[in-house]
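What follows is a single structure, written as structure tokens, with notes after it.
Owing to the predicted nature of the structure, the values given are computational and were not obtained by experimental measurement. In what follows, residues are counted from 1 in the order of the sequence shown. As the structure lists them, so they are numbered: ligands from 1, and atoms in each ligand from 1.
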Amino acid sequence: MSTVVAIDGPAGAGKSTVARLVAARLDYSYINTGSLYRALAYAAKASGIAFDMITPEFLNSCHLEFRGADLYLNDAKLDAELRLPDCARGASIISAKPFVRDYLMPVQRNAARGQWIVMEGRDIGTVVFPDAEKKFFVTASVEERARRRMAQGNEVDCGATFESILADITARDERDMNRAVAPLKQADDAILIDTTGLSIDEVVDRITALC
Ligand code: DC
């Protein structure tokens, strides 16, 4: 048995920051499921396999496990490498493959077993935990999300512009929302939270009050 608060939404809507803070306020565990897709993209890249070319056999060589909120790939802890732009792009590509989603389903369900947990992703309230106690769909306009990424600065240091970030977010939304399996969409019983123009504290207050 587990008690799940599902927080889904598009890239860059502030989900991770909000989900982590909500979990801390409620004294729940926290898991970011995007890190699983990013970890497989990282593993493919490290093995010289193009994102499009990964196979079920390759997945079988990847043992992924959460220890608390930390993610381990074949017993090595992953952290900053997961935030590389290439891992984000690769995660979005490989996550469209049904065998990848099948492979990660038990990893996600096992991670929640016996826990009070805030789980964040794209399909938590629709597919992974359709019976989650609470479901939120956290979003913001594309321009707002691009502005937030600009403000973080690290991509700008690598030469990104507002236009290139906007194009990247739009492409990722397009892929995530239009894939055949478990596309990004709001569950019928999820509460929509549009964070455009709201501070992080306002969003966290709203979600914790509703929990
Ligand atoms: O949340 P994130 O940016 O770390 O996610 C990276 C990619 O992983 C995202 O583009 C789509 C995919 N993803 C998914 O398909 N399902 C999830 N539950 C979480 C992430």
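At a heavy-atom cutoff of 4.0 Å, ligand 1 is contacted by the side chain of Arg172 but not by its backbone. Residue contacts with ligand 1 for Met119 are absent, since no atom lies close enough (heavy atoms, distance under 4.0 Å).
For ligand 1, the polar-atom distance check against Gln108 finds no nitrogen or oxygen pair separated by under 3.5 Å. At a 3.5 angstrom cut-off on N or O pairs, Asp123 counts as close to ligand 1. On a distance-only criterion, Glu120 and ligand 1 share no N/O pair closer than 3.5 Å.
The shortest contact between atom 8 (O) of ligand 1 and any protein heavy atom is with Tyr37 CB, 3.5 Å. Closest to atom 5 (O) of ligand 1, if we only count protein heavy atoms, is Arg122 NH2, 3.5 Å. Looking from atom 16 (N) of ligand 1 to the surrounding protein, the closest heavy atom is Arg101 NH2, 3.0 Å.
Remark: the Thr196 side chain and the Asp194 side chain contain an N/O donor-acceptor pair separated by less than 3.5 Å. Side-chain polar atoms of Ser2 and Gln115 form no donor-acceptor pair below 3.5 angstrom.
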Output a table of donor-acceptor pairs, distance under 3.5 Å, between side-chain atoms of residues 11-26 and any protein atom two or more places apart or on a different chain; print 'none' if there are none.
| residue | atom | partner | partner atom | Å |
| --- | --- | --- | --- | --- |
| Lys15 | NZ | Gly9 | O | 3.0 |
| Lys15 | NZ | Pro10 | O | 3.1 |
| Ser16 | OG | Glu120 | OE1 | 3.4 |
| Ser16 | OG | Glu120 | OE2 | 2.8 |
| Arg25 | NH1 | Asp205 | OD1 | 3.0 |
| Arg25 | NH1 | Thr208 | OG1 | 3.3 |
| Arg25 | NH2 | Asp205 | OD1 | 2.9 |

(message) Could you walk me through whether Arg101 and Asp123 satisfy the salt bridge (charged side-chain N to carboxylate O under 4.0 Å, His left out) test, starting with their C-alpha distance in whole Å, then the side-chain angles of each, then the deciding distance to 0.1 Å, before giving a yes or no?
(response) CA-CA 10 Å; Arg101 308 202 73 85; Asp123 62 341; 2.9 Å; yes

(message) What verdict does the salt bridge (charged side-chain N to carboxylate O under 4.0 Å, His left out) test give for Arg67 and Asp75, after you've listed the backbone C-alpha separation in whole Å, the side-chain angles of each residue and the deciding distance to 0.1 Å?
(response) CA-CA 10 Å; Arg67 298 184 192 159; Asp75 266 337; 2.4 Å; yes

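Closest to atom 7 (C) of ligand 1 by heavy atom, among Ala13, Ala91, Gly121, is Ala91.
How far CZ of Phe136 is from CG of Asp8: 11.5 Å, rounded to the nearest 0.5 Å. Between Leu166 atom CG and Met150 atom CE the span is 10.5 Å, to the nearest 0.5 Å.
Of all atoms in ligand 1, listed by their number and element, those nearer than 4.0 Å to a heavy atom of Ser95 are 11 (C), 12 (C), 15 (O). Proximity to Arg38 (heavy-atom distance under 4.0 Å) selects the following atoms of ligand 1: 2 (P), 3 (O), 4 (O), 6 (C).
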